[in-house]
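This chain uses plain numbering: 1 for the first residue, then up along the sequence. Just so we're clear, the structure is a prediction, and the values are computed from it rather than from any experiment.
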Amino acid sequence: MGKSASKQFHNEVLKAHNEYRQKHGVPPLKLCKKLNREAQQTLHGHGMEEHKEDGSGEGIRK
């Protein structure tokens with residue numbers, strides 16, 4: 001997944017999540033680039049692949 005596709009994916013997930021939060025009267029979340037980067041590094045550090053557009057890499061050990 002390219003950077004623009006990844007950014008679009010993150011924004012779509014965030015939007016959907018915040019719509020759900022709004023239904024329950026809680027404030028919206030916003031993306032944190034630093035937290036995302038650290039999570040990705042942790043994922044790779046545990047031998048996991050990152051999310052792929054077709055879903056094939058999510059949570060799969062290399």
Side-chain angles (χ1 to χ4, degrees):
M1 182 180 314
K3 285 188 178 184
S4 63
S6 179
K7 184 176 181 179
Q8 181 181 355
F9 174 77
H10 290 160
N11 287 333
E12 288 174 7
V13 170
L14 180 65
K15 181 181 178 211
H17 189 81
N18 281 334
E19 287 172 356
Y20 184 78
R21 290 176 63 85
Q22 184 179 23
K23 290 179 184 179
H24 295 279
V26 294
L29 299 175
K30 57 183 178 178
L31 289 177
C32 174
K33 290 180 184 179
K34 181 181 177 192
L35 185 59
N36 281 346
R37 186 173 51 253
E38 290 174 0
Q40 197 68 267
Q41 289 171 346
T42 299
L43 183 75
H44 289 291
H46 290 287
M48 305 293 279
E49 295 181 21
E50 62 187 90
H51 174 81
K52 293 181 182 173
E53 194 169 357
D54 65 1
S56 65
E58 190 171 1
I60 297 176
R61 291 211 177 264
K62 292 181 181 179

Task: Any residue meeting salt bridge (Lys or Arg N to Asp or Glu O under 4.0 Å) with Glu12, in chain and number order, not counting sequence neighbours - done: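 Applying salt bridge (Lys or Arg N to Asp or Glu O under 4.0 Å) to Glu12 gives none.
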What's the separation between atom [atom1] in [X] and atom [atom2] in [Y], rounded to the nearest 0.5 Å?
X: Leu29; Y: His17; atom1: CG; atom2: NE2; result: 5.0 Å
X: Leu14; Y: Glu19; atom1: CG; atom2: CD; result: 10.0 Å
X: Lys33; Y: Lys7; atom1: NZ; atom2: NZ; result: 6.0 Å

Please tabulate, for the side chains in residues 21-28, all donor-acceptor contacts under 3.5 angstrom to protein atoms that are two or more places apart in sequence or on a different chain.
unit_1, atom_1, unit_2, atom_2, d
Arg21, NE, Pro27, O, 2.7
Arg21, NH2, Pro27, O, 2.8

